[in-house]
Novice: 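Quick one: this structure, given as structure tokens, is what I'll be asking you about.
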Amino acid sequence: MEQKEMIDLLRQVASGTMDVEQAALKLKEEPFEDLGFAKIDHHRAMRQGVAEVIYGEGKTPEQIFRIAEAMKEKGQKAVLITRMNKESAIYMGERLELQYDEVSRIGFIGEAPIKDGDGKIVVATGGTSDIPVAEEAARTAETLGNEVIRLYDVGVAGVHRLLGHLDELMGARVIIAVAGMEGALASVIGGLVDCPVIAVPTSVGYGASFGGVSALLSMLNSCASGVSVVNIDNGFGAGFLASRINHIERRTKE
């Protein structure tokens with residue numbers, strides 16, 4: 001059950017169109033389901049506003065399928081799968097209606113949500129090599145009901161490319177800055193805008209980048225105010241957080 005459904009349920013009880021016993025029965029459904037290899041949190045959408053997401057890396061195709069199938073059986077309208085390889089996508093696609101993007105390794109089952117975020121989320125990359133992580137962030141945000149604008153290959157090696165998109169940057173509610181190498185993109189963007197900037201260091205770079213550690217440290221030490229940092233290559237975490245920020249006003253109004 002999602003938060004919207006729970007609120008609607010309580011309103012029905014308050015208005016007298018549903019009795020307390022019926023409502024209690026709906027809320028009493030087991031909060032998690034034990035599959036042996038996984039314990040599915042069916043109440044996460046009720047608590048956090050977003051249902052549990054399947055992390056595909058390290059799971060077999062059969063495990064991903066059984067988890068997704070159990071979620072659908074419990075009434076989950078949409079299932080998001082991250083870090084999903086092509087083998088798992090083929091296996092799932094033969095059994096469920098799966099939308100799969102090979103670049104971001106994102107899988108999605110169900111109906112795309114309406115875009116009900118308060119504003120727009122901009123996802124910017126330093127280079128083309130950062131796009132897989134950026135797409136993980138962008139597609140995560142989109143499946144959570146946000147409008148996303150992509151600005152790719154606008155890094156500091158040619159900063160005029162970024163400055164050519166000031167309108168999109170200034171009009172954003174949240175910006176996700178994805179960059180490897182020295183990770184300077186987040187600081188440059190952070191010094192231009194008045195909205196939150198979520199920095200995502202990537203593992204792109206030569207030896208001294210230490211698999212993204214150099215970009216991570218640069219972003220953590222940014223002198224630009226309003227910049228926060230997620231883990232190396234964590235596009236999903238950035239997209240999820242951006243969606244939370246972009247839905248704050250809507251939740252307040254409800």
Side-chain angles (χ1 to χ4, degrees), residues 1-9 26-27 29-117 121 123 131-148 150 176 200 230 233-244 246-247 250-251:
M1 181 178 292
E2 297 180 358
Q3 281 186 356
K4 289 178 182 177
E5 293 173 314
M6 182 182 67
I7 291 168
D8 184 57
L9 185 73
K26 285 184 174 290
L27 292 171
E29 293 177 353
E30 58 185 38
F32 73 90
E33 182 178 353
D34 192 348
L35 298 181
F37 60 88
K39 293 178 175 61
I40 306 171
D41 184 2
H42 291 301
H43 277 193
R44 190 169 301 184
M46 188 186 298
R47 296 193 319 272
Q48 297 188 329
V50 177
E52 184 171 7
V53 174
I54 302 172
Y55 179 71
E57 201 160 65
K59 292 183 177 69
T60 66
E62 294 83 359
Q63 287 173 334
I64 297 172
F65 169 69
R66 286 188 59 193
I67 294 169
E69 186 179 42
M71 288 176 167
K72 294 292 288 179
E73 286 176 356
K74 281 290 184 180
Q76 189 165 317
K77 295 181 179 67
V79 178
L80 178 63
I81 308 160
T82 66
R83 299 300 169 96
M84 188 183 196
N85 61 36
K86 195 169 183 179
E87 178 191 357
S88 295
I90 293 170
Y91 183 91
M92 289 284 289
E94 292 170 347
R95 291 159 178 80
L96 294 169
E97 291 188 14
L98 175 76
Q99 300 172 49
Y100 178 66
D101 176 62
E102 197 170 349
V103 174
S104 63
R105 294 190 289 164
I106 289 279
F108 184 74
I109 301 164
E111 301 174 9
I114 60 169
K115 291 180 171 59
D116 58 356
I121 296 173
V123 180
I131 287 177
V133 176
E135 274 300 297
E136 183 180 59
R139 288 181 179 269
T140 295
E142 285 174 336
T143 58
L144 295 177
N146 300 277
E147 183 177 350
V148 175
R150 292 162 169 81
I176 300 173
V200 188
V230 298
D233 292 336
N234 189 9
F236 165 75
F240 192 99
L241 178 57
S243 178
R244 279 268 177 94
N246 197 36
H247 282 86
R250 184 183 62 80
R251 287 198 300 271

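As the structure is a prediction and not an experimental result, all values here were calculated from the model.
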Novice: Let me confirm one number: the CD-CG distance from E135 to D101, rounded to the nearest 0.5 Å.
Specialist: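 That separation rounds to 6.0 Å.
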Novice: If you measure from CD on E57 to CE on M84, what distance do you get to the nearest 0.5 Å?
Specialist: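 E57 CD to M84 CE: 12.5 Å, rounded to 0.5 Å.
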Novice: With sequence neighbours left out, write down each residue that passes side-chain hydrogen bond (donor to acceptor under 3.5 Å, both in side chains) with N234, or none if nothing qualifies.
Specialist: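 For N234, no residue satisfies side-chain hydrogen bond (donor to acceptor under 3.5 Å, both in side chains) once neighbours in sequence are set aside.
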Novice: How close do I176 and A242 get, counting heavy atoms only, and between which atoms?
Specialist: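 Nearest heavy atoms, I176 then A242: CD1-CB, 3.8 Å.
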Novice: Please round to the nearest 0.5 Å and tell me the distance separating atom CZ of R83 and atom CD1 of I54.
Specialist: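 Separation between the atoms: 15.5 Å.
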Novice: In Å and rounded to the nearest 0.5 Å, what is the CD to OG1 distance from Q99 to T143?
Specialist: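 If I round to the nearest 0.5 Å, the distance is 10.0 Å.
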Novice: Looking at every heavy atom in both A68 and I109, which two are closest together, and how far apart are they?
Specialist: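 Residues A68 and I109, closest heavy atoms: CB-CD1, 4.0 Å.
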Novice: Step by step, work out the side chain to side chain donor-acceptor pair (under 3.5 Å) result for E102 and Y100.
Specialist: CA-CA 6 Å; E102 197 170 349; Y100 178 66; 5.9 Å; no
Novice: Just wondering, do I81 and I67 contact through their side chains at under 4.5 Å, heavy atoms?
Specialist: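 Sidechains of I81 and I67: no contact.
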Novice: Rounded to the nearest 0.5 Å, what separation is found between the NZ atom of K115 and the CG atom of N246?
Specialist: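 One finds 12.0 Å between NZ of K115 and CG of N246.
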Novice: Taking N146 for the side chain and A141 for the main chain, is one N or O donor matched with an acceptor at less than 3.5 Å?
Specialist: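 Confirmed, N146 side chain pairs with A141 backbone.
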Novice: Of all the heavy-atom pairs spanning Q76 and E52, show the shortest one and how long it is.
Specialist: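 Result for this residue pair: NE2-O, 3.7 Å.
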Novice: For a quick test of your reading: what N or O donor-acceptor pairs under 3.5 Å do the side chains of residues 87-96 make, sequence neighbours left out?
Specialist:
unit_1	atom_1	unit_2	atom_2	d
S88	OG	N85	OD1	3.0
R95	NH1	Y91	O	2.9

Novice: Give, for atom CZ of R139 and atom CZ of R150, the distance between the pair rounded to the nearest 0.5 Å.
Specialist: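 So the gap between those two atoms works out to 6.0 Å.
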Novice: With side chains defined as the heavy atoms from C-beta onward, is the minimum distance between T82 and I106 less than 4.5 Å?
Specialist: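 SC-SC contact between T82 and I106 confirmed.
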Novice: Can you name the one residue among L241, V230, T140 that meets side-chain contact (heavy atoms from CB on, under 4.5 Å) with F236?
Specialist: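 The option that passes is T140.
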Novice: To check you understand the geometry: which heavy-atom pair defines the closest contact between A238 and V200, and what is its length?
Specialist: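 What the structure gives for the nearest pair is CB-CG2, 3.4 Å.
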Novice: Could you tell me if the side chain of F37 sits less than 4.5 Å from the side chain of R66, heavy atoms only?
Specialist: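 Heavy-atom side-chain distance check passes, below 4.5 Å.
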Novice: Dump the intermediate steps for salt bridge (Lys or Arg N to Asp or Glu O under 4.0 Å) on K72 and E97, then the final yes or no.
Specialist: CA-CA 12 Å; K72 294 292 288 179; E97 291 188 14; over 6 Å; no
